[in-house]
Undergrad: 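Dropping the structure in here first, questions after.
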There are 2 protein chains.
Amino acid sequence: MELKELIERYQTAINQVYRRVNLILKDKIHSDITTDQFSTLHYIIKNAKCTSTDVANEFGIGKSAVTAQINRLVDKELIERERDEEDRRVVYLHVTEKGVNFVNYTEKALYEVLGDYLKNFEKDEIYTFIQSLEKLAKIMNDE
Amino acid sequence: MELKELIERYQTAINQVYRRVNLILKDKIHSDITTDQFSTLHYIIKNAKCTSTDVANEFGIGKSAVTAQINRLVDKELIERERDEEDRRVVYLHVTEKGVNFVNYTEKALYEVLGDYLKNFEKDEIYTFIQSLEKLAKIMNDE
DNA sequence: ATTAAATAGTTCACCTTGTGAACTATATTA
DNA sequence: TAATATAGTTCACAAGGTGAACTATTTAAT
């Protein structure tokens, strides 16, 4: 099989999966938040006391984009900013209790749907798949 | 292993791959076009004489969003609109010669980079991976 | 045959997300 | 102490998305 064909099949399939997960998320997040905002919240919960710069690096976007995003989340009282007393340039981000509850709730709903899909797979198939995916991500990140 | 952990690993890895492919595309497309516009062009080439509604369905977005995108591509002379003479509500889309050349050129550059990454994988590993991915996409699409 | 309903696409007002340059404030180093 | 680096914000601007209202056309119903 041709490399080109493999890549096109990959692109088509990955786009469909990506879009579908997004639609499920959108469906499960009945509240007033976008999937991007959800991802940001999720990252900040998993990486407590991170900074804007961390978020910018994680998502590969500029710091000004992060400022705007954090502003929207602060407006919704899902995130709080806290300035470092040692180095007063630094601003730490943390998710409020409201934010944590919200993410937990949404995550649970999302995982139920995804879990349903995964019933169609053998355990081994899932492991192998994720291992390949992680290998690819690692290779790409290491440049 | 927990379902939750599997899904989180999947999400992290898939996001990294998605972002990296986007960065490569952005890098290879030195011209004045976005990755979204590239995806649209690519789809229209692969699906000759498709309509706005087709594009909207493929990408899971509204028709008004497609109109705006097609307008941008028409402005750049990469796409042309053609009204059906039978059913005058319908507008067919096709990519101009300029557009086709542009996509071919960019695709080639992209595939070279991706091909390099794939050298780290056994052929079997790639097939298995893509088959699992396509299976997942199919299950999700069939609802 | 005429009216009602469906379909394809566009326009509009509005929101989110991104960029990059210029800026403020603080820390580091030469 | 002066120059430079770093963290984050602000601003003007563009792409891309939504959903409702609209035009134009075709199809279905009475």
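Being a predicted model, the structure only gives us computed values, none of them experimental. Every chain is numbered from 1, with letters handed out A, B, ... down the list of sequences.
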Undergrad: For the pair F38(B) and F102(B), name the ring-plane relationship: parallel under 30°, tilted 30 to 60°, perpendicular over 60°.
TA: perpendicular
Undergrad: Do the side chain of S64(A) and the base of dG20(C) come within less than 3.5 angstrom through a donor-acceptor pair of N or O atoms?
TA: yes
Undergrad: Return the value, rounded to whole Å, for the distance between atom CD1 of I70(B) and atom P of dA15(D).
TA: 14 Å
Undergrad: Would one find a side-chain N or O of R72(A) under 4.0 angstrom from OP1 or OP2 of dT17(C)?
TA: yes
Undergrad: Parallel under 30°, tilted from 30 to 60°, perpendicular over 60°: which one fits the rings of Y43(A) and F59(A)?
TA: perpendicular
Undergrad: Report the nucleotide, chosen from dA15(D), dT19(C), dG9(C), that has the shortest atom-to-atom distance to any side-chain atom of I61(A).
TA: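 Closest of the options to the side chain of I61(A): dT19(C).
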Undergrad: Has the side chain of N57(B) got a donor or acceptor atom that lies under 3.5 Å from a matching backbone atom of D54(B)?
TA: no
Undergrad: Would you mind telling me which residue lines up with the more 5' stretch of DNA chain D, D87(A) or A68(A), judged by nearest nucleotide?
TA: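 It is D87(A), whose closest nucleotide lies nearer the 5' terminus.
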Undergrad: Tell me whether the side-chain N or O atoms of R89(A) pair up with the base of dT6(D) as donor and acceptor below 3.5 Å, since no angle test is needed here.
TA: yes
Undergrad: To the nearest angstrom, how far is R83(B) atom CZ from dT23(D) atom C1'?
TA: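 Distance check: R83(B) CZ to dT23(D) C1' gives 10 Å.
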Undergrad: In whole Å, I'd like the distance from the CG atom of D36(A) to the C1' atom of dG16(D).
TA: 12 Å
Undergrad: Give the rounded distance in Å between these two atoms: CG of L93(B) and P of dA8(C).
TA: 13 Å
Undergrad: Looking at T34(B), does any N or O in its side chain come under 4.0 Å of the phosphate oxygens OP1/OP2 on dG16(D)?
TA: yes
Undergrad: How many Å lie between NZ on K63(A) and C1' on dT17(C), as a whole number?
TA: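 Interatomic distance, NZ of K63(A) to C1' of dT17(C): 18 Å.
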Undergrad: If we ignore hydrogens and angles and just use 3.5 Å, is the side chain of S52(B) paired with the main-chain N or O of T67(B) as donor and acceptor?
TA: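 No, S52(B) side chain to T67(B) backbone: no donor-acceptor pair under 3.5 Å.
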Undergrad: If you find the nucleotide of DNA chain C closest to V90(B) and the one closest to D84(A), which residue's nucleotide is nearer the 5' end?
TA: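 Per heavy-atom nearest nucleotide, the more 5' residue is V90(B).
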Undergrad: Nearest to the side chain of K76(A), which nucleotide is it out of dG9(C), dG8(D), dT16(C)?
TA: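 Of the candidates, dT16(C) comes closest.
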Undergrad: Could you state the atom-to-atom distance from CG of L73(B) to P of dT10(C) in whole Å?
TA: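 L73(B) atom CG is separated from dT10(C) atom P by 13 Å.
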Undergrad: With respect to the side chain of T53(B), which nucleotide from dG8(D), dT18(D), dG9(C) is positioned closest?
TA: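 Closest of the options to the side chain of T53(B): dG9(C).
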Undergrad: Give the nucleotide from the list dT10(D), dA8(C), dT26(C) with an atom nearest to the side chain of T67(A).
TA: dT10(D)
Undergrad: Please list, in numerical order, the residues of residues 37-52 of chain B that have a heavy atom closer than 4.0 Å to any atom of DNA chain D.
TA: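 Those residues are Q37(B).
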Undergrad: Salt bridge or not between K119(A) and D116(A)? Use side-chain N to carboxylate O under 4.0 Å.
TA: yes
Undergrad: Look only at the side chain of K135(B) and the backbone of N120(A), and say whether a donor-acceptor pair between them is shorter than 3.5 Å.
TA: yes
Undergrad: Quickly work out the D54(B) CG to dA8(C) C1' distance and round it to whole Å.
TA: 11 Å
Undergrad: As an exercise, state the distance from CG of L73(B) to CD of Q37(B), rounded to the nearest 0.5 Å.
TA: 5.0 Å
Undergrad: Nearest whole angstrom, please: distance from the C1' of dT19(C) to the CD of Q69(A).
TA: 15 Å
Undergrad: Determine, using the 4.5 Å side-chain heavy-atom cutoff (strictly less than), whether I79(A) and V91(A) are members of one ILVMFWY cluster.
TA: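 No: no chain of side-chain contacts under 4.5 Å links I79(A) to V91(A).
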